[in-house]
Amino acid sequence: EGNDMPLLIESHRFLTETLANKINQMVFGFDGSPATSDDGGAGRPAVIVTPSVKVLDEHTISVEGKIGTSVTFENPLQEVVLQYTNPSDSTDTLPIFRYTIQPVTKTSGNELKFSIIVEVK
């Protein structure tokens, strides 16, 4: 018999809600290098937005961030990072997820809305 002990069903929702409550920033950046599990966060941050975070079920979180028409960049956006930053100490930051995206040119003529579904296992 193995020593594997499965996570109790009630704990899945707790872990998912805990993670969802920690995601308080979405960072859009210019770095287009491949995302890896040992990334340290945004390589070249462009703008930080406060995302809308929702727990969909015991394993799934929806995160959505938006950049309005008043924000423009000369370089294309190529990465998105979800992170936690301590509200009382902005130097206390924990990157949680980093995604490399297809380059997006952000001008005053467009709005950018980015949605991510995070599966917690």
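Worth saying up front: this structure is predicted, and the values here are computed from it rather than measured. No hydrogens, no waters, no symmetry mates; every other heavy atom, side chains included, goes into these values.
- With rounding to the nearest 0.5 angstrom, the CD1 atom of Ile96 is 10.0 Å from the CD atom of Gln25.
- Annotation: cation-pi pair Lys22/Tyr84 present, NZ/CZ under 6.0 Å from the ring centroid and within 45° of its normal.
- Follow the hydrophobic side-chain contacts under 4.5 Å out from Leu77 and you reach Ile116 in the same cluster.
- Screening residues 74-95 for salt bridge (Lys or Arg N to Asp or Glu O under 4.0 Å) gives Glu79-Arg98 as the qualifying pairs, with residues at least two apart or on separate chains.
- Side chains of Thr85 and Thr93: a donor-acceptor N/O pair is present below 3.5 angstrom, by distance only.
- Outside the 6.0 Å centre-distance limit, the rings of Phe73 and Phe28 are not counted as a close aromatic pair.
- A side-chain hydrogen bond (donor to acceptor under 3.5 Å, both in side chains) check over residues 111-121, counting only residues at least two apart or in different chains, returns the pairs Glu64-Ser115.
- The shortest non-hydrogen separation linking Asp57 to Thr16 is O-CG2, 3.8 Å.
- Atom-to-atom distance recorded for Ile23:CD1 and Leu94:CG is 10.0 Å, nearest 0.5 angstrom.
- The line from NE2 of His12 to OG1 of Thr60 is 11.5 Å long, rounded to the nearest 0.5 Å.
- One hydrophobic cluster holds both Tyr99 and Phe30 under the rule that ILVMFWY side chains link at heavy-atom gaps under 4.5 Å.
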Original post:
Taking it one step at a time, do Thr107 and Asn110 satisfy side-chain contact (heavy atoms from CB on, under 4.5 Å)?
Top reply: CA-CA 6 Å; Thr107 68; Asn110 63 3; 3.6 Å; yes
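- Annotation for Val55 and Ala20: closest pair CG2-CB, 3.6 Å, computed over non-hydrogen atoms.
- Val118 and Ile101 fall within a single hydrophobic cluster, where Ile, Leu, Val, Met, Phe, Trp and Tyr are joined by side-chain heavy atoms under 4.5 Å apart, directly or via other members.
- Taking 4.5 Å as the limit, some side-chain heavy atom of Val80 sits within range of a side-chain heavy atom of Met26.
- Going from atom CD1 of Ile117 over to atom NZ of Lys54 covers 10.0 Å, rounded to the nearest 0.5 Å.
- Annotation for Phe14: atom CZ does not count as buried by contact number, only 12 or fewer foreign heavy atoms lying within 6.0 Å.
- At a threshold of 4.5 Å between non-hydrogen side-chain atoms, the residues Leu82 and Val53 do not count as touching.
- Neither Ile48 nor Phe114 shares a network with the other; the hydrophobic side chains, linked directly or stepwise wherever heavy atoms of I, L, V, M, F, W or Y lie under 4.5 Å apart, form separate groups for each.
- Using a 4.5 Å heavy-atom cutoff, the side chains of Val104 and Pro76 are not in contact.
- The minimum heavy-atom distance linking Thr100 with Ser33 is given by the pair OG1-O, 2.8 Å.
- Closest approach of Val49 and Gly65 over heavy atoms only: CG2-CA, 4.2 Å.
- Here the closest heavy-atom approach between residue Pro103 and residue Gln78 is recorded as CG-OE1, 3.6 Å.
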**OP:** For the pair Val81 and Phe97, evaluate side-chain contact (heavy atoms from CB on, under 4.5 Å) and give the outcome as yes or no after the intermediate values.
**Re:** CA-CA 6 Å; Val81 175; Phe97 298 98; over 6 Å; no
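- When all heavy atoms of Ile67 and Val47 are compared, the closest pair comes out as CD1-CG1, 3.6 Å.
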